[in-house]
Structures are given as C-alpha cells and as structure tokens.
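Working notes, structure below.
Per chain, numbering begins at 1; letters A, B, ... match sequence-line order.
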Amino acid sequence: MTGRGRPRKAEKTNGAESKTTQEEMKKAVTRSRRKNVTEEKHDDTAKPKEMDQTKANHTPAKPSVPGARRGKTTKHTTEELNKQQRTPSDDTRGPVKGTKAKTCSDRAKSAEEIKGEQQETPKDTTEVSVETTKPRKCPLNSKSTKHFEETMTTQSETPNSITQESFKITDSKAHNGKAKSAEKFREEAMKDQQETPKHTTNPEIDSILYTTLEKLKIRKNDKANASEIINPAKKKIFDHVKQNIEWFKEVESVPTGSYYENLKISDPDEFDIMLAIPLERVNIRSFGEDGAYFSVGLKRGNSPLKKFQENETLSASKMLSEFREEVKKCVKELPGWQMAKMKQGCPAVTLTGPRVNADSEPISLDVVLCLKVKSSWPEFTHDGFQIQRWLGTKVMQEYKRKPYYFVAKHEGDGEDEHDGIKAKDVWRISFSHIEKDIMRNHGSEKTCCEREGKRCCRKDCLKLLKHLLSLLKEKKPRLFSKFCSYHAKTTLLHACCLRVRDSDWEAESLSRCFIQLLQDFLGYLEKGVLPNFFIKRQNLLAGIEQKNYKKLACCIKEELEKGFPIFM
DNA sequence: ATCCTTACAGAGACT
DNA sequence: AGTCTCTGTAAGGA
C-alpha cells in the first residue's frame, strides 16, 4: 500500500478471513452481473465459463511496455506478439506451462555452514558479465559496460563489482544504519544519484525482454476463468474444514504464492492458500542446524490442539493427516477436482481442478496447513531481513511486529531425529505474507509504480528470471529439478537490499537491471550460497549438487552471451 | 459477529 | 496515452 488510499493496517484481524470468503461469494455475483453488462455491450452471448478466450486474442493488443512503445522495433514486436497471441498452439508459451518451478525441496535443506565473510554478497562475477555481454547479439558496448561498472562502483552496492574496499564501505554503511535513520540513507542516496548517470539501456535486449514479458502476461479471460474456478473451491474447502474439524474453528485463510503476488507468469494455473490456526502462546525450539525448522509446543492452557501434543511438541504429521482426511471428503463433493498423491514431506494438500483454457495445465491448488504465531520473530531471523536501507527502519519494525507462520513441512522421510523429535513432526517457518506485502510495496518511494509515481522494473526482472529458470529447467529437467522460483525471488529480494533506490530499477533500464540480477544470481551459484532472505544462515542452495549449480551458471552465462536466444 | 458497501490497487484490454 | 474492466484487498458502517 502506498501513501494514497486507505491507511495500511498494522495487523489483520481474526475476522478478516471469514469476511474474505464471504466477499468471494458476493464478488462472484457482482462479477456475473458485471459480466452480463459487458456481454450485452459486446453482444457476446457466451456463458462466462465458455467465454471465448480467443476474443481477447483477436484484438490487437498494444504492448503496454514503455520500451516496446518507444522503440523503433515497436511495430515489429507488436505484430509478432499478436501473431503469438492468436495462435493457440503457441509453442513459446507452451514450455512455461508444464514447468512447476515451485517444488522446492532444497528450501528445506540446512546450510552446512556459511563462513563468516560477506555472505549475502555473491562473489565477483564482473568478469563474466562484462565479457559475456559484449558480443554483438548482446550489445552492451564497452563504453556502456564501463559506465555500468563505474555506476555500480560508485554505488558500492552491487554484489559483483564489489572490491574489498568498496565492500567495506558498504558494510560500514550498513552497520551505521542502526544509528543512522533511513532518511539519512535516502539523503545520501539522493546525493549519489545526482552524481550517477541514470541508465544504461540496451535497445536490442530491451526489445527481446519486453516481448517476452508480453508473452508472460496472464490473459484477462484466463484470469476471469481461473477465479471462477478457484474461488468457489477455496470457499468450499475453507467452510468445510472450519465446520468439520474441531481445532479449525478459528482458522484463517491466507492467500499466498505468485498468483496473489501478481508475479504469476503465463497461465493462472497454480494457487496457494495457507489455512492458519492462530496460536496464542507457544514454545519453539529450533530443529537441526539451518534455522528454518522448529518444533512447536503449546504453553499451558486449554486448546483443542492438546491432543496433538507429544513431548511438548505439536505433531505436524498427525495434524496434517487429520487435515488431509477432511479435505479429501470435501473434494469428493467438488466436481472436477481431485486430490493429488501425497508427496513426501510436502506441507501442502494439492488439489487439481479444471483447466483455465484448452492449452493450459489443470489448475493446482495447494492447501497448506499452518500455525500463526503472534509473538516476536525467532532469534535466527535477527540477522536476516535487512530492509532498512531499502524500505526503511519503520517499515521493517512494522513487519517484525506482524505474526509469522509455521507450515507443516519437513525434509527427508521424516524419520531423522534431533533431541527425541522426529523431522516429520517439525514445522518450517514461513514469511510468505511478508514477501507478498513487500512485493506489493516494493518501492523505496511510496509512489513507486503508482499512477503519480515512477514505474520500476523490479517485478518485471523477477518474472524474467523466473521464466528463464523454468525454461532452463525444462531443457534439463534432471539437472535443474531442484531449482525453483523461490531462488529467483530470494535473489531479487537481496538485490533490492543492495540497490535500494527506485532509480536503480527504472522501468527504462530493464535490460541493465535484468542483466545485473542475473549476475547476482550467477554470483550465488558460483559460491554455492544463497542465504534465505529472512534467515541468513539457511543456505537455499545446500542440498543441490555442486555440479548442478555450476552447470546452471554455465547455461545462464551462455544466454547472456548470446542475447537470450532461449526467450526467442 | 456477520453482512454489506465503498474505495482503491494492480493489471490487462480497449479506444 | 488515457480510460475502462475485472479481480483482489481492506476499512468501516449497519
């Protein structure tokens, strides 16, 4: 949320969720009413569900992307695009669909150890980036590259061009941050900004990236169809578990995942919803080394959850199986929906439903059982989540006052034991709600991406990185199966903390920003360390074989060198 | 507490 | 480029 409009509420109330589901019903009505109006207007007699998706596709869509509008290539780009949109068997969109980038088993793995120095900054990849982005297909000319380097060095923010000296400067800045206010930093940033040339654009790459982004857009019809499918199903499940599980009386539903963050690409075919049980007072103990897993126990008091308590620990596996059984019953009454087979250690109950369009994958809905804890964030999070320079100290403190969640997720087969507690009974900490909020309020300035403000390319960069990753996964599924969109998201979040100003992410500088983001990612891959954004000590790349992330780095470098043929 | 209205953001599509 | 449409989110009143 931004400066305008309703003030941001500090915390969601308990009632908010039931309200939400009710609203969903009401909205469905409103929508069908509105739809009728629209249909009359357009003389379209088709029923909503059978609505002709091609309708939208027949209409030439002008790219709403600044670069596409501005550039000489606009016409060409637009035409190409329309052709692609008109063709149902479009194979450029095809590959995206099957790639479920979200199965991120490694997110669970523990960081072996992260050695003291400069963890959050990937090592120097300037060599790679500068050299590889030179060839004619990728015309970052030497001048702009030099300029680029200079820019970055001046800013002392990029992970790649950081010299020991500049790092120290950054580091001390960061530490002083505790004493200095965010405003002070902004002032400094503003000063820097005046000295720093603004953008290093690259028309050729820009054009490819804009065209790609256009392809990744979710079609309006698809979205409408999806919401018509997904919302009643969500409501039905929510109402059912609330009524039929006695410890679900106070459950709240928290929509999460890329769809609700407006980061979903291609088709609206994956939805995540957390069903959260609010807990008043809990004892938590970390499980294993990486700081993301906890055993959760209830403090004294009466709770319907008592029956799941063993060794002062709430058994995630027992709760999950009761939850799963109840969802199963409900799904039987949902025509067109099925329950997917349970995956080992998977926190979600995955349901599959109808398709939003003929070419898409069936909709999948992950219903995640979780606990909502209203107390200060665990100790392990204290060194992570350093957003002061980007979003300000006040915003950070506001976030830290919000509750956090535990999802029923473990690693391995669940039989590993620490202190007499089995892995299957532990919970993984989750900050999806914070991630979602940050993605929505991602600007250093309050007006970033608003009508009155400047548009930035943070989200576009992330979409492109996700897309690149899923295309590479599709190319080499065995090698890259463990990489997921969460790696991309985490890379962006770190990048936002390194390059904090909105002017570092101007929409017009898409190619520069995206290339820089790729360099960040390469840096993490080459080091083999990508710290969780919230829990620094958890390495999201632990558990992936070294040869695989080296290989991925290779593939990405190749794309950089050749000007992203994979997108064409 | 629940229902309903209102307002706004975000994004796609239309003119 | 400006405007409209639709979905999702949230506040607040009845």
Side-chain angles (χ1 to χ4, degrees), chain A residues 1-42 44 48 51-66 68-70 74 78 81-82 85-86 213-232 234-235 239 242 249-250 252-268 271-273 356 433 436-437 439-443 446-453 455-460 463 507:
Chain A
M1 190 103 30
T2 53
R4 292 179 333 216
R6 278 164 286 118
R8 189 192 291 195
K9 212 183 166 187
E11 220 175 6
K12 214 180 210 175
T13 59
N14 279 358
E17 282 316 317
S18 51
K19 207 162 44 183
T20 309
T21 47
Q22 284 146 7
E23 272 167 18
E24 278 164 13
M25 283 299 279
K26 187 193 64 204
K27 289 276 165 56
V29 176
T30 323
R31 188 174 58 245
S32 60
R33 198 182 58 223
R34 278 189 200 146
K35 244 182 197 168
N36 289 339
V37 174
T38 319
E39 279 158 19
E40 273 170 33
K41 200 170 143 193
H42 295 287
D44 183 349
M51 205 198 281
D52 183 11
Q53 278 119 22
T54 57
K55 196 176 92 177
N57 298 346
H58 284 310
T59 320
K62 283 181 191 165
S64 56
V65 198
R69 262 189 248 121
R70 267 182 294 102
T74 305
T78 314
L81 190 72
N82 291 336
Q85 283 176 347
R86 265 180 245 122
L213 281 171
E214 199 63 31
K215 282 188 259 177
L216 297 178
K217 277 185 181 173
I218 289 181
R219 306 289 137 202
K220 220 175 173 181
N221 270 343
D222 290 345
K223 194 173 182 184
N225 291 347
S227 74
E228 216 148 87
I229 296 167
I230 204 76
N231 290 340
K234 261 166 56 183
K235 179 174 163 47
D239 290 349
K242 190 170 175 148
K249 292 276 179 287
E250 295 188 303
E252 298 169 15
S253 89
V254 186
T256 57
S258 60
Y259 178 83
Y260 295 105
E261 289 172 337
N262 286 314
L263 288 169
K264 185 75 183 75
I265 51 178
S266 304
D267 281 317
F271 296 82
D272 301 73
I273 183 167
V356 279
H433 57 310
K436 182 179 167 186
D437 204 82
M439 292 320 301
R440 208 149 46 105
N441 304 292
H442 55 259
K446 283 184 174 178
T447 52
C448 181
C449 289
E450 286 187 352
R451 201 162 293 177
E452 286 87 27
R455 220 182 99 79
C456 83
C457 64
R458 290 175 177 97
K459 281 183 165 188
D460 286 342
K463 284 182 187 173

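Side-chain atoms of A:P255 lie closest to C:dT9 of the nucleotides B:dA11, C:dT7, C:dT9. Ranking B:dG12, C:dT9, B:dA11 by closeness to the A:K459 side chain, first place goes to B:dA11. For A:K217, taking side-chain heavy atoms from C-beta onward, the closest of the listed nucleotides B:dG12, C:dG8, B:dA11 is B:dG12. When the nucleotides C:dT7, C:dT9, B:dA11 are ranked by their closest atom to the side chain of A:N262, B:dA11 comes out on top.
Summarising the geometry, the separation between CD on A:E261 and C1' on B:dA9 is reported as 15 Å, rounded to the nearest angstrom. Here the P atom of nucleotide C:dT7 and the NZ atom of A:K234 are 13 Å apart, to the nearest Å. Separating the CD atom of A:E250 from the P atom of B:dT2 is a distance of 11 Å, rounded to the nearest angstrom. Regarding A:R440, its CZ atom lies at a distance of 11 Å from the C1' atom of B:dC8, rounded to whole Å. A:Y260 places its OH atom 16 Å from the C1' atom of B:dA9, with the value rounded to the nearest Å. The distance between atom NZ of A:K249 and atom P of B:dA1, rounded to the nearest whole Å, is 17 Å. One atom, CG of A:N221, and another, P of B:dC14, lie 9 Å apart when rounded to the nearest Å. For A:R455 and B:dA9, the CZ to P distance is 16 Å, given to the nearest whole Å.
For A:R219, a side-chain nitrogen or oxygen approaches OP1 or OP2 of B:dA13 to under 4.0 Å. Between A:Y259 and C:dG8 there is a side-chain N or O to OP1 or OP2 distance below 4.0 Å. Phosphate proximity of C:dG8 to A:K223: absent, as no side-chain N or O sits under 4.0 Å from OP1 or OP2.
Proximity of A:C449 to A:K459: side-chain heavy atoms (C-beta onward) are nowhere separated by under 4.5 Å. Side-chain contact between A:K463 and A:L213: present, with at least one pair of heavy atoms (C-beta onward) separated by less than 4.5 Å.
A:K264 comes within 4.0 angstrom of nothing in the nucleic acid, heavy atoms only.
Within the model, atoms CG of A:N262 and NZ of A:K436 stand 9.5 Å from one another, a figure rounded to the nearest 0.5 Å.
Of all the heavy atoms in A:E214 and A:K217, the pair that sits closest is OE2-NZ, 3.1 Å.
A donor-acceptor pair is defined here as one N or O able to donate and one able to accept, closer than 3.5 Å; such a pair exists between the side chain of A:K264 and the backbone of A:D267.
A donor-acceptor contact under 3.5 Å links the side chain of A:K220 to the base of C:dT5.
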